[in-house]
Amino acid sequence: MCGVAGIIDWSGRPVEVETVRAMLHAQAHRGPDGVGMGILPGRPSVGLGVCRLAIVDRDGGEQPMSDSAGEYRALRTWIAFNGEVYNYRELRAELRSLGHDFRTDSDTEVVLQAYAAWGLDFAARLEGMFAVIIWDAVLKRLVLARDQFGIKPLYWSQDMLGRVYVASEIKALLAAGVTARPDPTSVVEYFTLQNMLGTRTMFSGVQLVAPGHVGVIDAYGCQEWRQYADLRFAPVERSEGLDEQAECLLARLYAAVERQSRSERRVGAFLSGGLDSPLIARFASRAHATPLTCYTASYDPPELALDETEAATRLAGTIGAEHHLVRITPEMLLARLPATIWHLDEPRVGPSVQNDLVAQAAAQDGVTVMLSGAGADELFGGYPWRHNPASRHAGNHAAFVRWYTERWTRGVKPAEYGRFFAGDVLKAAHDYDPRRAVSNVLEPARDWHPLHRALYFDAQTFLAGLLIVEDKLTAAHGLETRVPYLDPLVTSYAETLTPWMAGGQDGKRLLRHAARAVLPPRNLVGKTGFVPPDWWRVHLAGAVRELLLSSRTLERGLLQPEAITRVVREHQDGLSSHARLLWSLLSFETWCRLYLDGDVVPS
């Protein structure tokens, strides 16, 4: 894992070393093992930088890396790379057969040589998680690429004079001089869906490189974006029965866990009491000679309906793992919020303080790589209350879009916009329609089975946001998250499964059946999920009022003061349940104070 940064000034204004250094300093937590920078003067002038967390080839692979062993002035291609390529050994052998030489054992050099061999098609050859910045001095173009699911983030912005800034985190762009201004459309979308869809961010003028895309930006300001990979459900009717398909899935998942567990540093895993992460932990414990270190978050005081501590603890004992419980109190939840939002750059996909606290605990124990169970729900049907009813809309895509938009509207409904958002925000975002936003995401899947449409939407939106959260909150503590369910070994098989295999009363019919062979029965029950208890009414009632009903919040001018007051009072008086909306309000106001007002980030 690394933090990457780049500046391209097409006019030839010199890129300042101090600016690149400031970008790296802003995301130094991503790369505690070393910093590298390179400045290429001329027209355009170019600066690249990397702060590195060395996982593979710790003694080599320094970045930025060029395809020339000489001075930076002599290079043809220059790369700043963040991530891991799991098939880099196979690619290196193929590239050697094509006449390419290698100076290191790093996957970074393989990506660089892949670009030299295959041009913009290089990204389609990579199996892994990555964010790539390439400066092609011959063709005078900036190339940006991101892995299929967006496991590794990459942001960019362009100023009025055409200077382009690129980085792993938005705070690095701000350190280079990009202005922090709220994007009105993103504000509306966040409070509607508790997420931002597509490439928009909460910052006006800052774009997220779309997952599965490679893009080119040239001196004329032209942009060309190509989608090289996407999730494509194409069911195959197999002669094998449920047992045989379950065995095949387990074999693929084990192979994915085994290759994603390769590391010269200590490996740990997130562990719930359910199905997804326990399968990863079970296989990782088999792949390692030393006991795996696992972490489970729980609330204190416990919410029995949400607590998975007992099941996780028993499973850890069964697989011989070293198990750590991270207990979260109401006071910790709110006290940690500013640091969590700071590391996230922007609020996304609901509560995530637990991710931050678990990553902190793992880092303190010397863990560097964390295995995650993310992606299983979106590939195998993990939300039956949302996925199973999808089949009712088989013949009418417009009805499906309308229904799924309603299912994902977690906060403010369009009919309430006028009472919730300030006039200037609504005026600037006047053409925003959540149904159209959902429809745009679903367009590639409009002819699929409704269940697969639902899975596709969830992967493109909720999972994409969750992956950003996991990346940034582990990177905040110098850790790297890996996601075996999103390994091509697994995803290529999941894409061929029939909708029936993702169904069932508890969802994930095939994955649940497969897990019977390796997990205890208590881990096979329906999904619980990890959301905070409703502490806003009792334990944190005073703190919520202090933050949200302060004059500073009510006079901010982005939301209607009356709306904020109404939401707080209705929830705390028990007149209505606004738990999700309250979390969004708390996260958003915290973001405003940190990024718009310039409040000091708690250490």
Side-chain angles (χ1 to χ4, degrees), residues 86-87 90 124 127-128 148-149 229-261 274-287 315 318-319 371-384 386-391 394 444-445 447-459 463 483-527:
Y86 301 120
N87 65 331
E90 293 83 354
E127 295 181 4
Q148 176 180 342
F149 291 95
D230 198 7
L231 185 63
R232 298 291 183 191
F233 287 105
V236 174
E237 293 291 345
R238 291 183 170 87
S239 58
E240 300 93 341
L242 187 61
D243 291 340
E244 290 79 10
Q245 292 187 57
E247 290 178 10
C248 181
L249 175 58
L250 287 180
R252 286 171 173 264
L253 183 58
Y254 179 79
V257 171
E258 192 278 329
R259 75 171 179 174
Q260 293 202 23
S261 298
L275 175 66
D276 307 336
S277 58
L279 269 174
I280 300 299
R282 162 67 85 175
F283 286 155
S285 67
R286 290 182 181 177
L315 179 68
T318 300
I319 65 177
L371 299 177
S372 165
D377 291 322
E378 292 76 13
L379 289 175
F380 298 103
Y383 304 104
R386 186 167 67 241
H387 294 155
N388 289 347
S391 298
D447 297 325
W448 298 357
H449 186 280
L451 177 56
H452 283 156
R453 275 182 259 171
L455 296 180
Y456 179 81
F457 181 86
D458 291 1
L463 176 62
V483 195
Y485 282 109
L486 299 184
D487 192 297
L489 292 170
V490 179
T491 61
S492 61
Y493 191 68
E495 288 175 318
T496 67
L497 298 175
T498 63
W500 186 83
M501 289 293 187
Q505 180 179 349
D506 293 327
K508 291 189 275 200
R509 178 178 277 114
L510 178 61
L511 188 64
R512 203 171 297 280
H513 186 80
R516 292 178 181 178
V518 291
L519 293 181
R522 58 181 169 270
N523 291 95
L524 305 179
V525 297
K527 188 177 187 66

Taking atom [atom1] of [X] and atom [atom2] of [Y], what is their separation to the nearest 0.5 Å?
{"X": "L231", "Y": "Q148", "atom1": "CG", "atom2": "CD", "answer": "6.5 Å"}
{"X": "E237", "Y": "L497", "atom1": "CD", "atom2": "CG", "answer": "10.5 Å"}
{"X": "D276", "Y": "K508", "atom1": "CG", "atom2": "NZ", "answer": "3.0 Å"}
{"X": "L511", "Y": "R516", "atom1": "CG", "atom2": "CZ", "answer": "12.0 Å"}
{"X": "L455", "Y": "H449", "atom1": "CG", "atom2": "NE2", "answer": "10.0 Å"}
{"X": "L253", "Y": "Y493", "atom1": "CG", "atom2": "OH", "answer": "12.5 Å"}

Shortest non-hydrogen separation from [X] to [Y] and the atoms involved:
{"X": "P520", "Y": "L315", "answer": "CD-CD1, 3.7 Å"}
{"X": "V490", "Y": "P484", "answer": "CG2-O, 3.7 Å"}
{"X": "G375", "Y": "L486", "answer": "CA-CD2, 4.0 Å"}
{"X": "P499", "Y": "L451", "answer": "O-CD2, 3.2 Å"}
{"X": "A515", "Y": "L275", "answer": "CB-CD1, 3.2 Å"}

- Residues at least two apart in sequence or cross-chain that pass ring-ring contact (aromatic ring centres under 6.0 Å, His included) with Y254, listed by chain then number, are F283
- Message: Run the ring-ring contact (aromatic ring centres under 6.0 Å, His included) test against Y485 and tell me which residues pass, sequence neighbours left out.
- Response: none
[X]: what forms a side chain to side chain contact (heavy atoms under 4.5 Å, CB included) with it, not counting sequence neighbours?
{"X": "Q505", "result": "none"}
{"X": "T318", "result": "R282, R522"}
{"X": "A246", "result": "L510, H513, A514"}
{"X": "A374", "result": "S372, L463, L466, L467, E470, V483"}

- Message: Quick check against the 3.5 Å criterion: does E495 have a side-chain atom that pairs as donor or acceptor with the backbone of R232?
- Response: yes
- Please check if the side chain of E244 supplies one atom and the backbone of G241 the other of a donor-acceptor pair under 3.5 Å. yes
- Item | Partners meeting salt bridge (Lys or Arg N to Asp or Glu O under 4.0 Å) with E258 (sequence neighbours left out) | R262
Non-neighbouring partners of [X] that pass side-chain hydrogen bond (donor to acceptor under 3.5 Å, both in side chains), sequence neighbours left out:
{"X": "Y456", "answer": "D230"}
{"X": "R252", "answer": "S492"}
{"X": "D487", "answer": "R259, Q260"}
{"X": "H387", "answer": "D458"}

- Query: Hey, are the side chains of E378 and Y383 touching, using non-hydrogen atoms and a 4.5 Å cut-off?
  - Reply: yes
- Query: Do the side chains of L489 and Y86 get nearer than 4.5 Å, heavy atoms only?
  - Reply: no
- Task: Using the six-membered ring wherever Trp is involved, compare the ring planes of W448 and F233 and label them parallel, tilted or perpendicular (cut-offs 30° and 60°).
- Result: perpendicular
- Query: Between T498 and Q245, is a side chain to side chain contact (heavy atoms under 4.5 Å, CB included) present by the stated rule, with each step listed?
  - Reply: CA-CA 11 Å; T498 63; Q245 292 187 57; over 6 Å; no
